[in-house]
There are 2 protein chains.
Amino acid sequence: MVQQKDNAPRTPLSRERVLSAAVVLADQSGVESLSMRKLAQELGVVPMALYKHVANKEELLDGMVDVIVGEIDTGASGVDWKSAVRQRVLAARQILLRHPWARRVIESRTSKSPVVLEYMDSMIGMFRSGGFSVDLTHHVMHALGSRMWGFTQEVFDDDPASAPAEVPPEILRAMAERYPHVMEIAMRADHDGESVVGQGCDDQFEFEFALDLLLDGFERLHQQGWTSRRSAAQR
Amino acid sequence: MVQQKDNAPRTPLSRERVLSAAVVLADQSGVESLSMRKLAQELGVVPMALYKHVANKEELLDGMVDVIVGEIDTGASGVDWKSAVRQRVLAARQILLRHPWARRVIESRTSKSPVVLEYMDSMIGMFRSGGFSVDLTHHVMHALGSRMWGFTQEVFDDDPASAPAEVPPEILRAMAERYPHVMEIAMRADHDGESVVGQGCDDQFEFEFALDLLLDGFERLHQQGWTSRRSAAQR
DNA sequence: ACCTGAACACCGTTCAAGT
DNA sequence: ACCTGAACACCGTTCAAGT
């Protein structure tokens, strides 16, 4: 209300303008507070005007995902499948880190847009070019899951409270008693005995650790000529 | 309005009753349609009455997660870490499959309840009992991520449309041209040449495939005496 | 034919008025 | 002191009335 755009619609509304405004709004204040009404206001437009460019809010979210996925650097290089996949996933991660809301929205989409299919297709292609069978590639894509977008859902968050430094010591002691293993890890000291109490942890390191663990596993199965033999064995 | 509970509150409202009614409601019609108002109506109570037992909707959702996590069969046995973890995760999966909404709600929680901490603590304990270092256990828990709750976010969904059988053949042909790798996998034939077009895929198989891949990787690192050496190498 | 204000059917939560 | 109806400040979307 205070900073509503003063312009008469000099640039006419378009799907693109709607989508990128929505992305900016989500970047600024999160998806949960993104509403059709606020978006319209931001664009200096009556709410119903949006419905000329997106059928409903779901389609708006679909479009926002497309904008994000379109940002992912897809510049491949003539390297081996493993480096190619690794590079692509880490590129996706760079984008996703800039749009923290995108993680949740990607997960919530039920249908896949051409942009998303394109992305998946080229990633599958990397494994196939590396000589992976259709069978193995299929399972490998499942195992990769949302990591192919460069994120994991961090259900395990390290510090039991959000800011361990501010938790009073008697509470910490009580927690260490009830949840000894959780606290041991949250308060871990590293191998050299140097204490790194409550320093949180390096997300990028954790991400690459798990990614490489999976990629190494994929490579091993591929080299062994692994096959699921589903129909023969269990159907 | 049509089947509102006729009873005067014979059983007085309690946190437990509120939570389990919420779980039932979510089971029946999904979380997205679970509202404080509908829940109150289901319990034959005025909306505001709920706020005596839960501070707000967020706390309601927290409580619902506790109910679900509490259902997980935690009956351990004196087996090796790998079987113990595997068994626990698959037990969690059984529960999660019965409450499809729980996946999304667990992911959305920002704070961890005692019930959740308890669950995580005992899982960490399994690795520690297996001789894993604090360091390795830490990374391994991250790599496990939400798989420790028995689910993955199925971003990769196999069939590009939801019901491939109903997609007209000319559309299929067009898609095969644009997304050859995606279609190849969706339409995969197994090794013996027997066609399994569009049969979808076995979620349980995929889940166990990825879980075992990770567990095998963990085992290998453990046997190698892997350590992150973070402070030495990069800090 | 296009555009849009008002309205509809919802939300979660506050708050003051009733007991 | 407790309980709760009405109200507030929102939603996404429909629809009919205006141009």
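So you know, we letter chains A, B, ... as the sequences are listed, proteins then strands, and number each from 1.
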Salt bridge between [X] and [Y], side-chain N to carboxylate O under 4.0 Å?
X      : Y     : result
A/R104 : A/E32 : no
B/E59  : B/R15 : yes
B/D73  : B/R88 : no
B/R98  : B/D27 : no

Q.
Judged by each residue's nearest nucleotide on DNA chain C, which is more toward the 5′ side, A/M48 or B/E58?
A.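 Per heavy-atom nearest nucleotide, the more 5' residue is A/M48.
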(Q) Quick one about A/E16 and A/H53 (side-chain donor to acceptor, distance below 3.5 Å, no hydrogens or angles considered), yes or no? (A)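 No.
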(Q) If we count only N and O atoms by modelled type, under 3.5 Å, do the side chains of A/S113 and A/D62 hold a donor and an acceptor together? (A)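 Result is no, nothing qualifies.
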Q) How many angstroms lie between atom CZ of B/F218 and atom OG1 of B/T137, to the nearest 0.5 angstrom? A)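 Going from CZ on B/F218 over to OG1 on B/T137, the span is 10.0 Å.
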Q: Mind checking the CE-OH spacing from B/M120 to A/Y179? Nearest 0.5 Å is all I need.
A: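 OH of A/Y179 is found 10.0 Å from CE of B/M120.
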**Q.** Heavy-atom pair with the smallest gap, counting every atom of B/A92 and B/G150
**A.**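 Of all heavy-atom pairs spanning B/A92 and B/G150, the closest is CB-N, 4.3 Å.
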Q. Between B/R86 and B/E208, is any pair of side-chain heavy atoms under 4.5 Å apart?
A.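 Answer yes - side chains close enough.
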Q) chain A on DNA chain C: first and last contacting nucleotide, 5' to 3', under 4.0 Å to a heavy atom? A)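 Contact span on the strand: C/dC3 to C/dA7.
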Q | Rounded distance in Å between the C1' positions of C/dT14 and D/dG12 | A |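 Comparing C1' positions in C/dT14 and D/dG12 gives a spacing of 23 Å.
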Q | Same-atom distance (C1') from D/dT13 to C/dT13, integer angstrom | A |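 So the two C1' atoms sit 23 Å from each other.
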Q. In residues 29-37 of chain B, what residues come within less than 4.0 Å of DNA chain D, judged by heavy atoms?
A.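 Within residues 29-37 of chain B, the residues near DNA chain D are B/R37.
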Q.
So that I can compare with my own list, what are the stems of DNA chain C, taken as at least three consecutive Watson-Crick or G-U pairs with distances under 3.5 Å?
A.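 When the pairs of DNA chain C are grouped into runs of at least three, the stems are C:4-8 with D:12-16, C:12-16 with D:4-8.
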